[in-house]
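Comments concern the structure below.
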Amino acid sequence: MDFFNSAFGKNITFIHPAYFIISGFTGIPNIKYYYVFLFLVYIASVLGNAVVMVVIYLDHNLRTPKYIAVFNLAFVDLLSNTVLVPKVIDIFLFNHFIIPYIDCLVFCFFSYTCLSMQALNLVALSCDRVVAIMFPLHYHTKITNRSMFSLMGYFWLFVVVAVLTSVALLTRLTFCNSVVINSYFCDYGQIFEMACNDYFPNVVISYLLRFLILWVPLLVILSSYFCIGYALAKVASFQERAKALKTCTSHISLVAMYFFPVIITFTRGPQIHPNARIINLSLTSIFPPMLNPIIYVLQTQEIKNSLKKMLEIRKLSRIIVK
């Protein structure tokens with residue numbers, strides 16, 4: 001079977017619709033208030049992630065491997081919500097339910113790219129915590145700014161190529177029946193299931209990417225915390241254990257917020273109601289990006305100290321000017 005027969009210019013005709021229709025929620029009254037709520041969450045997310053990025057960029061003490069990963073996480077969160085929420089608001093509050101075919105594929109690509117990078121960012125942060133706790137004396141030689149930049153680059157390259165390949169496979173599908181997507185965005189699974197020709201390659205790559213971008217990162221993170229727990233069990237002092245675990249609490253919170261709703265949504269598959277799928281995916285896409293900066297500001301002493309220092313400097317400059 002030729003997975004890429006549309007990409008190699010073979011003499012095969014595919015029927016592409018001029019547009020898709022995004023259906024959104026069905027049978028729920030006053031649902032527009034939910035989209036207004038998403039917009040408010042989006043504003044909070046933009047402000048919070050922008051603050052985290054600015055603080056890390058301006059404070060030279062925060063230019064460490066850990067905060068390179070945190071900066072990338074804030075950037076992905078900001079990009080993810082900017083890609084998703086304004087378009088969702090435009091679709092459902094301004095009744096632009098019809099989205100052109102090419103625009104829908106682009107929307108699908110950016111949505112899944114950002115969602116995938118959020119998972120891989122959590123992997124990078126877990127690797128940083130493992131080395132910091134298990135090999136504290138060798139941390140600065142094993143985890144450097146260069147190695148973290150390289151890891152982030154590899155993750156971006158992998159995700160972009162993988163998602164671009166999966167979206168390209170949609171171009172070999174013929175749509176001769178429905179063009180209604182039962183979701184709040186251009187959902188990959190919802191699109192290829194509407195095709196009236198063979199979409200087996202799309203099913204294969206869908207399961208493959210689900211394994212590589214969801215289950216493998218989760219297994220890596222769980223394994224890292226198993227290693228951390230084993231290392232902390234050797235520490236005699238309770239205070240040392242508590243101090244080490246405190247550095248991981250923010251990361252554990254992010255992992256729980258991201259993976260639990262996504263796993264519930266994708267493991268149940270077609271059994272889950274479309275409305276429940278929309279709520280799970282939308283909250284997973286919107287809430288973690290809003291809560292990530294709050295968690296890192298409240299639970300990370302370095303960012304709190306840096307933020308206080310910047311506010312004090314700004315306050316002092318105002319006093320001097322007056």
Side-chain angles (χ1 to χ4, degrees), residues 1-29 31-32 34-35 38 80 82-116 162-210 262 265-266 268-282 284-286:
M1 180 179 294
D2 190 352
F3 277 26
F4 302 98
N5 48 18
S6 66
F8 291 110
K10 293 188 177 182
N11 190 22
I12 300 175
T13 302
F14 299 104
I15 301 174
H16 296 159
Y19 57 83
F20 288 108
I21 299 173
I22 311 294
S23 66
F25 289 99
T26 55
I28 301 180
I31 196 58
K32 288 190 175 183
Y34 179 74
Y35 299 113
L38 291 184
S80 175
T82 302
V83 166
L84 187 64
V85 178
K87 188 63 179 177
V88 169
I89 298 299
D90 179 60
I91 292 172
F92 296 106
L93 287 187
F94 297 98
N95 300 323
H96 296 156
F97 303 105
I98 296 175
I99 179 169
Y101 174 78
I102 296 298
D103 291 357
C104 192
L105 297 188
V106 173
F107 190 20
C108 178
F109 168 76
F110 280 105
S111 298
Y112 278 98
T113 296
C114 294
L115 196 64
S116 302
V163 177
L164 188 62
T165 302
S166 63
V167 173
L169 283 174
L170 293 175
T171 63
R172 61 172 295 282
L173 299 179
T174 292
F175 298 88
C176 49
N177 296 314
S178 175
V179 292
V180 178
I181 301 174
N182 296 317
S183 186
Y184 71 106
F185 74 116
C186 292
D187 197 333
Y188 186 78
Q190 297 286 327
I191 293 175
F192 72 69
E193 288 177 356
M194 294 189 298
C196 50
N197 63 332
D198 179 28
Y199 56 78
F200 179 74
N202 302 85
V203 175
V204 171
I205 200 167
S206 174
Y207 279 103
L208 180 61
L209 293 184
R210 191 179 304 175
V262 173
T265 301
F266 287 116
R268 294 194 63 186
Q271 298 176 356
I272 191 170
H273 193 275
N275 288 346
R277 179 184 175 87
I278 292 174
I279 290 175
N280 271 358
L281 284 179
S282 61
T284 302
S285 302
I286 300 299

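Residue indices begin at 1 and follow the sequence shown. These numbers were taken from a predicted model, which means no experiment stands behind them.
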task = Report yes if some heavy atom in the side chain of Phe192 is under 4.5 Å from a heavy atom in the side chain of Ser206; otherwise report no.
result = yes
key: For Thr284, all residues meeting side-chain contact (heavy atoms from CB on, under 4.5 Å), sequence neighbours excluded   = Tyr258, Pro261, Val262
key: Ile31 side, atom CD1; Ile278 side, atom CD1 - distance, nearest 0.5 Å   = 8.5 Å
query = Of all heavy-atom pairs between Leu170 and Phe175, which one has the smallest distance, and what is that distance?
reply = O-CE1, 4.3 Å
ask   = Roughly how far, to the nearest 0.5 Å, is the CD1 atom of Ile21 from the CG atom of Asn182?
value = 11.0 Å
task = State which residues pass ring-ring contact (aromatic ring centres under 6.0 Å, His included) with Tyr34; sequence neighbours excluded, sorted by chain then number.
result = Phe25
message = Test side chain to side chain contact (heavy atoms under 4.5 Å, CB included) on Leu169 and Tyr188; report intermediate values, then the result.
response = CA-CA 11 Å; Leu169 283 174; Tyr188 186 78; 4.3 Å; yes
Pairwise distance CG(Leu164) to OG1(Thr113) - rounded to 0.5 angstrom = 8.0 Å
inquiry  = Show, in sequence, the C-alpha distance, side-chain angles and deciding distance for Tyr112 and Phe185, and conclude whether the ring-ring contact (aromatic ring centres under 6.0 Å, His included) test is met.
reply    = CA-CA 11 Å; Tyr112 278 98; Phe185 74 116; 5.8 Å; yes
request  = For Phe107, enumerate each residue passing the ring-ring contact (aromatic ring centres under 6.0 Å, His included) test, keeping only those at least two apart in sequence or located in another chain.
outcome  = none
query = Going through the checks in order, is the side chain to side chain contact (heavy atoms under 4.5 Å, CB included) test met by Asn202 and Glu193?
reply = CA-CA 9 Å; Asn202 302 85; Glu193 288 177 356; over 6 Å; no
query = Parallel, tilted or perpendicular for Phe14 and His16, by the 30°/60° rule?
reply = parallel
Euclidean distance, Tyr184 OH relative to Gln190 CD, rounded to 0.5 Å = 11.5 Å
request  = Report yes if some heavy atom in the side chain of Ser111 is under 4.5 Å from a heavy atom in the side chain of Val83; otherwise report no.
outcome  = yes
task = Kindly write out the residues that satisfy disulfide bond (SG atoms under 2.5 Å apart) with Cys104, not counting sequence neighbours, or none if the list is empty.
result = Cys186
request  = Output, in order, the C-alpha distance, side-chain angles, deciding distance and verdict of side chain to side chain contact (heavy atoms under 4.5 Å, CB included) for Asp103 and Val106.
outcome  = CA-CA 5 Å; Asp103 291 357; Val106 173; 5.6 Å; no
List the atom pairs, with distances to 0.1 Å, where a side-chain N or O of residues 87-102 and a protein N or O form a donor-acceptor pair under 3.5 Å, not counting sequence neighbours.
from  : atom 1 : to    : atom 2 : distance (Å)
Asp90 : OD1    : His96 : ND1    : 2.8
Asp90 : OD2    : His96 : ND1    : 3.3
His96 : NE2    : Phe94 : O      : 3.4

ask   = Which pairs pass salt bridge (Lys or Arg N to Asp or Glu O under 4.0 Å) with one or both residues in residues 177-187, sequence neighbours excluded?
value = Asp187-Arg277
request  = Would you sort out whether Leu115 and Ser285 count as a side chain to side chain contact (heavy atoms under 4.5 Å, CB included), showing the intermediate values?
outcome  = CA-CA 7 Å; Leu115 196 64; Ser285 302; 4.1 Å; yes
query = Which pair of heavy atoms, one from Ser116 and one from Val163, lies closest together, and at what distance?
reply = OG-CG2, 4.3 Å
query = Distance from Ser183 atom OG to Phe20 atom CZ, nearest 0.5 Å?
reply = 13.0 Å
message = So, taking the atom named CG in Asn197 and the one named CD1 in Ile15, what distance separates them when rounded to the nearest 0.5 Å?
response = 9.0 Å
